[in-house]
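When reading the values below, keep in mind they use all heavy atoms of this one structure, side chains included, and skip hydrogens, waters and symmetry mates. The chains referred to below are lettered A, B, ... by the order of the sequence lines, with proteins before strands, and numbering in each begins at 1. Just so we're clear, the structure is a prediction, and the values are computed from it rather than from any experiment.
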Amino acid sequence: MSSNENKQGGYDPSKFEEKWYAQWEEKGYFSADPSSDKPPYSIVIPPPNVTGSLHMGHALNITLQDVLIRYKRMDGFETLWMPGTDHAGIATQNVVEKMLAAEGTNREELGREKFIERVWKWKKESGGTIIHQLKRLGASCDWERERFTMDEGLSKAVREVFCKLYEQGLIYKDDYINNWCPRCHTAISDLEVEHEDTKGHLWHLRYPFADGSGNVVVATTRPETMLGDTAVAVHPEDERYKGMLGKKIILPVIGREIELIADTYCDPAFGTGAVKVTPAHDPNDFEMGNRHDLERIQVIGEDGTMTEAAGPYAGMDRYECRKSLVADLEEAGVLVKTDEHDHSVGHCYRCHTTIEPLISKQWFVRIKPMAERAIAAVRDGRTKIVPAHWEKTYFNWMENIRDWCISRQIWWGHRIPAYTCDECGEMIVARTAPVECKCGASKFAQETDVLDTWFSSGLWPIGTLGWPENTPELQKYFPTDVLITGFDIIFFWVARMLMQGLWFREEVPFKDVYIHALVLDEKGQKMSKSKGNVIDPLNIIDKFGADAFRFALVAFAAQGRNIKLSENRIEGYYRFTNKIWNASRFTMMNLEDFDTAKPQIPLAERSAADRWILTRFRDTAKTVRESLDGYFFNDAASAIYQFTWHELCDWYVEMAKRPLYASADPKARLSAQQTLIEVFDGLFRLMHPFMPFISEELWTALPWPAYLGEKPVTLVTASFPKPDELAGDDEALYRVELVKEVVGAIRNVRGEMNVPPSRRIKAIIQGPQKECGVLKEEVDFVGALCGADDISFIGADEPKPPKAAAAVAAGVEIFLPLEGLIDLDEERKRLAKEIEKLDIELKKVQGKLSNPNFVERAPEAVVAKDRARAEEIGRDLAKLQEGLARIDGNA
RNA sequence: GGGCGAUUAGCUCAGUGGUAGAGCACUGGCCUCACAUGCCAGGGGUCACAGGUUCAAGUCCUGUAUCGCCCACCA
């Protein structure tokens with residue numbers, strides 16, 4: 001019968017994950033208490049878009065936060081993990097507009113008020129999706145405090161901030177050429193424009209002088225804008241145009257008269273050196289227009305179609321117009337030539353429509369004074385960015401920051417609190433709607449624009465804690481301890497929170513910013529629906545469980561790297577959870593008769609194996625703490641992985657089988673049982689922040705000796721292992737390392753010789769008294785681990801056994817009688833291989849030692865270490881060579 | 001145009017001046033009473049290249065190459 005067929009009680013995360021989460025939440029373990037005396041530890045969640053569903057980026061982001069918050073919660077901090085969602089202005093409006101379209105209507109038909117009601121209704125019904133998904137992942141947020149960027153509190157904070165900034169002269173309204181999305185029908189900020197290199201054309205157009213004295217050739221990538229040209233510019237010192245300045249030019253097609261002007265913006269080296277100037281449709285031209293007081297003629301409208309000013313092309317789509325205009329220009333002989341031309345084209349980051357630079361009245365934040373404070377805060381370390389190289393990116397942007405366009409011509413969002421008097425046109429910016437104007441009138445029209453979503457997300461840390469009120473939460477939890485986010489929103493979000501936090505609270509909003517990797521597909525490409533390479537976290541959780549998935553994410557989260565995610569690698573951690581499950585099963589099976597009333601056996605009376613694993617656990621706990629404290633998440637994960645699999649399972653469990661099995665002495669058995677419980681209790685606590693479900697499930701089933709006191713009700717709030725308070729025994733480390741080395745050497749011979757595990761062997765050990773003494777005492781472990789049931793020791797001067805395979809380890813010589821076991825030729829080859837390896841190493845070490853500079857200048861400890869190593873290799877080599885000689889019968 | 005990052009085993013990646021590591025894959029042996037989702041053993045590296053600093057460089061410095069990302073209003 002195959003062992004596959006009778007496996008029972010296998011690991012199945014679906015059987016307990018949701019159960020535990022429901023219980024934790026119900027019992028209120030995640031609730032923060034600002035009145036507590038415990039030291040605070042707080043994190044605010046980067047609020048996912050309310051329209052969103054969980055993707056890999058969220059999964060990583062949330063997992064890292066949950067690891068930290070669970071660690072600190074267990075470690076005695078009063079933790080607050082503030083959850084919530086972002087109203088995501090444009091994105092959400094798009095979603096609801098699509099629904100309306102499906103119903104055959106649109107927002108204009110509905111009207112502003114009804115439309116907003118509709119969005120709220122949608123939010124109520126569907127906005128909770130992602131929250132539910134975060135719970136599946138195990139996120140231990142304080143859900144009772146869940147916030148929304150458009151809830152009452154944040155709306156109040158937004159109005160307060162807007163008004164304050166306005167009063168301080170930092171918000172202004174101005175006509176400016178802006179990034180306009182013809183599909184979303186709104187201006188967007190510079191940051192919201194994504195530039196993409198595009199293969200385009202450079203059209204060269206011949207503009208004739210009005211006096212018939214020739215012409216000037218200009219080049220453009222956007223010929224349709226020529227309809228709005230109001231000048232042609234050349235560099236003032238461009239020899240080619242000497243004496244032509246001020247000449248009139250007849251704009252082809254339109255026939256409008258424009259002038260040849262001089263402006264240093266023009267680069268004489270580019271093309272003909274002459275630039276057509278369209279102030280209404282190009283940011284550079286807009287500036288030039290201001291300098292020369294040129295007319296702004298808008299030929300492209302807000303929806304991307306040509307305006308009346310476009311003459312014969314009015315009403316055409318902008319690209320349709322381009323096509324037809326180029327054809328017309330060619331026919332008219334205006335088109336000189338068309339070159340291939342690569343340039344970068346801006347797109348809306350929400351809908352990917354090509355941006356149209358248009359002039360409109362917008363609200364801006366004069367950002368420099370705020371940026372200066374935020375720069376200083378990072379420079380002097382009040383906020384630390386980890387990994388540090390992101391600081392450069394941050395500084396680079398902050399130092400070149402441009403005013404922030406905060407108004408959006410959409411309906412869903414925080415409506416700008418500016419009111420214009422119907423009578424006198426006076427504008428009032430106020431926290432609440434004004435009732436009376438100074439002209440005596442009482443009718444006002446509120447500004448129709450709403451604020452950029454990031455304007456409110458920038459207030460997230462202070463706003464969710466209650467600002468502008470000075471709440472207990474704000475006092476207890478602000479500044480927050482760490483912000484965890486991806487680098488894609490350093491500018492959008494991190495920088496703005498820093499600026500707003502510093503401006504209004506005069507304190508940094510978080511002490512650390514940890515920037516984590518981006519999650520890519522296994523080929524290193526961004527996951528996107530259009531590429532079809534998206535891995536859905538929920539599918540992964542269904543398949544492998546949240547624990548394996550979380551652990552995989554943490555293990556991949558090395559600082560400063562992107563993560564190439566493949567299902568294969570997650571499966572590897574699923575095997576790890578399975579291993580934990582089975583190791584625990586082994587433990588439970590051997591604890592069936594465990595007497596919980598028996599007192600604790602003192603460490604000194606336990607076996608070397610027991611003392612060793614407890615010591616190794618203590619060291620692992622130390623590594624995990626240090627790694628987490630420095631945000632080296634992957635180091636923490638690999639310490640747990642390494643300890644659990646390769647020390648606890650591979651060595652300790654195997655060693656513990658001796659005392660545990662029936663024939664053993666009862667005290668040794670009890671000692672092993674107590675050790676198993678203590679190690680697993682500690683290990684489950686240690687892994688709980690990473691793998692909350694499996695740890696809670698198995699820990700709950702763990703028998704509880706009376707000497708440990710009352711068992712906590714849950715791991716969620718149980719204490720995190722404190723290495724300083726844990727027992728350790730360095731002598732046990734030495735003993736077990738010695739055993740491991742000797743066992744390793746014997747297994748190596750067996751492995752190389754293909755001796756099957758069922759084949760019992762004899763071993764004879766010769767060596768110094770110290771080592772042999774230890775090995776004699778631990779001989780049961782040695783025998784059990786390498787399949788030898790007859791291990792004997794011989795004195796240093798006794799003759800070495802003939803016809804035996806020889807190995808060296810930790811200063812002792814090991815002889816395995818060859819009798820019927822080993823092929824002489826194979827043994828010869830094996831020894832020769834070992835000798836060669838050591839020989840190479842010896843030469844290397846000797847080379848260093850023979851260099852006088854090394855001996856004189858390197859630290860003594862380093863030199864001493866190499867000397868010892870050289871000696872050791874020399875000794876081992878000699879022994880192996882003797883062994884080889886004996887085989888050949890020469891000894 | 002500016003900036004940042006990467007280059008280490010077949011693949012994916014750790015690596016904090018002092019004996020080059022892990023997981024997966026590969027080879028051989030095992031269904032040994034927790035686990036074949038497993039156990040034991042093994043093979044596999046000019047640490048991209050060229051200089052430099054140092055007793056000592058995968059690690060620090062300079063340059064080169066290749067790949068990737070970010071920022072930027074070049075008609």
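- At whole-Å resolution of the value, CZ in Arg575(A) and P in rA22(B) are 18 Å apart.
- Taking 3.5 Å as the limit, the base of rC35(B) and the side chain of Lys579(A) contain a donor-acceptor pair of atoms between them.
- Residues Phe586(A) and Leu660(A) are in side-chain contact: their nearest non-hydrogen atoms beyond the backbone lie under 4.5 Å apart.
- Between Tyr176(A) and Phe286(A), a ring centre-to-centre spacing shorter than 6.0 Å is recorded.
- In this structure, rA9(B) makes no Watson-Crick or G-U wobble pair, since no nucleotide meets both defining distances under 3.5 angstrom.
- Taking atom P on both rG44(B) and rG10(B), the two are 11 Å apart, rounded to the nearest angstrom.
- Using atom C1' as the reference point in both rC47(B) and rC13(B), the two lie 13 Å apart (nearest Å).
- Checking rU53(B) for Watson-Crick or G-U wobble geometry (two distances, each under 3.5 Å) identifies no partner in any strand.
- When the C1' atom is used for both rG43(B) and rG21(B), the distance is 16 Å, rounded to whole Å.
- rU46(B): no Watson-Crick or G-U partner with both key distances under 3.5 Å is found in any strand.
- Checking rU19(B) for Watson-Crick or G-U wobble geometry (two distances, each under 3.5 Å) identifies no partner in any strand.
- Annotation: rG23(B) and rU62(B) have their C1' atoms spaced 36 Å apart (nearest Å).
- The same atom, P, is picked in rA6(B) and in rG17(B); the two are 16 Å apart, to the nearest Å.
- Taking the six-membered ring for Trp and the full ring otherwise, the centers of Tyr11(A) and Tyr574(A) sit less than 6.0 Å from each other.
- In this structure, the nucleotide among rG23(B), rU12(B), rA14(B) sitting nearest to the side chain of Arg569(A) is rU12(B).
- You'll find the side chain of Tyr265(A) stays beyond 4.5 Å of the side chain of Glu287(A), heavy atoms only.
- Base pairing annotation: rG38(B) forms a Watson-Crick or G-U wobble pair with rC30(B), both donor-acceptor distances under 3.5 Å.
- Here the separation of rA14(B) from rA9(B), taken at their C1' atoms, is 13 Å to the nearest Å.
- Taking the six-membered ring for Trp, Tyr641(A) and Trp645(A) have ring centres closer than 6.0 Å.
- In this structure, CZ of Arg867(A) is placed 13 Å from C1' of rC55(B), rounded to the nearest angstrom.
- Nucleic acid contact class of Arg222(A) (heavy atoms, under 4.0 Å, all strands): none.
- The side chain of His646(A) places an N or O atom within less than 4.0 Å of a non-bridging phosphate oxygen (OP1 or OP2) of rG23(B).
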